[in-house]
Enquirer: 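One structure follows; several queries about it will come next.
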2 protein chains.
Amino acid sequence: DIVEQLPALFLPQVMAGKKVVITAGPTQEAIDPVRYISNHSSGKMGYALAHAAQLLGAQVVLISGPCALKTPLGITKIAVKSAQQMLQAAERYSPNCDVFIACAAVADYKVSQVADQKIKKHQHQVSLQLERNPDVLATIAQQIEKPFCVGFAAETQDVAHYAKDKMQRKNLDMIVANDVSQQNIGFNSEENAVTVFWHNGEQNFPTMHKLQLAIQLIQLVAKHYEYKKSQQS
Amino acid sequence: DIVEQLPALFLPQVMAGKKVVITAGPTQEAIDPVRYISNHSSGKMGYALAHAAQLLGAQVVLISGPCALKTPLGITKIAVKSAQQMLQAAERYSPNCDVFIACAAVADYKVSQVADQKIKKHQHQVSLQLERNPDVLATIAQQIEKPFCVGFAAETQDVAHYAKDKMQRKNLDMIVANDVSQQNIGFNSEENAVTVFWHNGEQNFPTMHKLQLAIQLIQLVAKHYEYKKSQQS
């Protein structure tokens with residue numbers, strides 16, 4: 001793909017010297033040694049963001065749940081499975097990072113009692129007890145010296161409303177909303193279309209290749225990151 | 001891999017003229033539009049069996065759950081997601097087949113009420129109601145003119161006991177047991193070691209490449225298939 005060949009030479013290095021931590025992919029929550037709960041995230045958007053941030057000059061740590069994607073050159077990848085493991089990696093790598101982008105589709109719930117042995121299927125009906133997972137992004141965003149925090153909202157209805165609510169509730173600087181009910185974009189697709197919200201503005205990005213979109217998103221992040229820093233100093 | 005290049009020319013065509021249906025991979029059971037329950041089957045053993053059966057002369061239909069593997073040349077692949085879809089495909093393709101090999105790790109349970117929209121995570125704890133899926137292999141094996149039926153048993157404990165019980169209970173001709181608690185073989189590995197049971201015998205296959213093992217398994221199936229047919233006529 002021609003877009004992926006874009007040499008960093010031709011892109012303004014707006015992220016030069018910045019440390020960026022990005023989470024990507026789904027998480028897997030074990031039920032027993034063979035079964036798990038997961039979701040349809042392909043990891044493509046998160047990997048594209050990692051690639052884009054690196055092309056724009058950043059030092060990138062990519063914390064990734066299980067997915068079949070190739071790690072872009074020059075990126076440090078930390079492979080995790082569960083939400084708990086993703087949180088641990090995020091807490092380890094986020095201190096002193098400038099930007100934290102939570103693109104992973106972290107499982108909201110984990111199984112309360114993970115079985116040591118494969119569960120036998122004696123019963124006709126069973127009830128699986130689930131409990132809330134830790135919120136990786138909210139945990140990072142509530143730190144006192146928090147990085148510039150970017151979240152994602154994958155929704156099937158009322159996308160703008162849920163996205164803005166999530167941004168406020170989790171103390172984020174920016175949120176990227178996409179409507180996963182649209183079959184041709186988002187999950188598992190090569191393309192995506194999103195709307196980005198920040199405290200007093202929003203911007204639409206029409207359907208385009210995920211790497212192209214990722215470059216535009218990182219450029220937007222860089223602009224708002226610099227603005228926020230100028231306000232703080 | 002040199003083993004995968006083995007031309008059918010050098011293998012006795014013990015399955016010539018036989019129709020074989022093989023199920024492979026995991027199934028995915030939807031929770032809502034983005035979440036699902038699945039298992040760690042990579043599909044490698046099932047795909048290797050399909051490849052082996054084809055190399056040994058059979059006409060092969062491969063019914064596969066979601067997995068990232070390439071379909072071997074000359075094989076008809078039917079892609080499915082849920083156990084229900086796998087059963088429909090099996091019922092469609094098994095009549096008039098000679099051998100039915102159920103290698104898929106079919107989800108034992110499905111979610112009772114699949115949500116149309118992404119479930120919101122308001123509650124701290126939730127209970128997911130599950131109910132038994134149809135049993136694909138048992139359904140095929142209880143047909144009056146049933147094909148030669150081969151099952152798989154992936155267990156983490158007491159492997160031989162569960163495997164033999166499953167063979168009897170489901171009316172199978174043969175069962176292939178592997179101990180998935182052994183990390184270096186089985187799920188997601190390139191190699192596997194199994195024990196095969198039939199009504200009055202068993203055979204151990206030590207750790208080897210899955211395609212090599214698949215060829216030996218199909219040869220064993222061919223032998224027992226011919227024996228059973230000779231007994232019936």
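Residue numbering restarts at 1 for every chain, and letters A, B, ... go by the order of the sequence lines. This is a predicted model, so every value here is computed, not measured. Just so it is clear, the values below take in all heavy atoms, side chains as well, and ignore hydrogens, waters and symmetry mates.
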Enquirer: Counting only heavy atoms not in A/Gln129, do more than 12 sit closer than 6.0 Å to its CD atom?
Expert: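 Atom CD in A/Gln129 is packed in, count exceeds 12.
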Enquirer: Can you say whether B/Tyr36 sits under 4.5 Å from chain A via the side chain, the backbone, both, or neither, judging by heavy atoms?
Expert: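 Both backbone and side chain.
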Enquirer: Is the number of heavy atoms from other residues, nucleotides or ligands within 6.0 Å of NZ (A/Lys170) greater than 12?
Expert: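 Yes, because the 6.0 Å sphere around NZ of A/Lys170 holds more than 12 heavy atoms from other groups.
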Enquirer: Would you find more than 12 non-hydrogen atoms of other residues, nucleotides or ligands less than 6.0 Å from A/Asp116 atom CG?
Expert: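 It does not: A/Asp116 CG has 12 such atoms or fewer within range.
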Enquirer: Go through the atoms of A/Gln28 and report whether side chain, backbone, both or neither lie under 4.5 Å from a heavy atom of chain B.
Expert: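 It is the side chain, since no backbone atom gets that close.
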Enquirer: Name the option with the most non-hydrogen atom pairs under 4.5 Å to chain A; the candidates are B/His124, B/Glu131, B/Gln125.
Expert: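 Counting heavy-atom pairs under 4.5 Å, the top option is B/His124.
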Enquirer: Hey, is CZ on B/Arg92 packed in by over 12 heavy atoms from elsewhere, all under 6.0 Å?
Expert: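 Incorrect, the count does not exceed 12.
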Enquirer: So which of A/Ile37, A/Ile31, A/Val126 has the largest heavy-atom pair count under 4.5 angstrom toward chain B?
Expert: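 Going by pairs under 4.5 Å, I would pick A/Val126.
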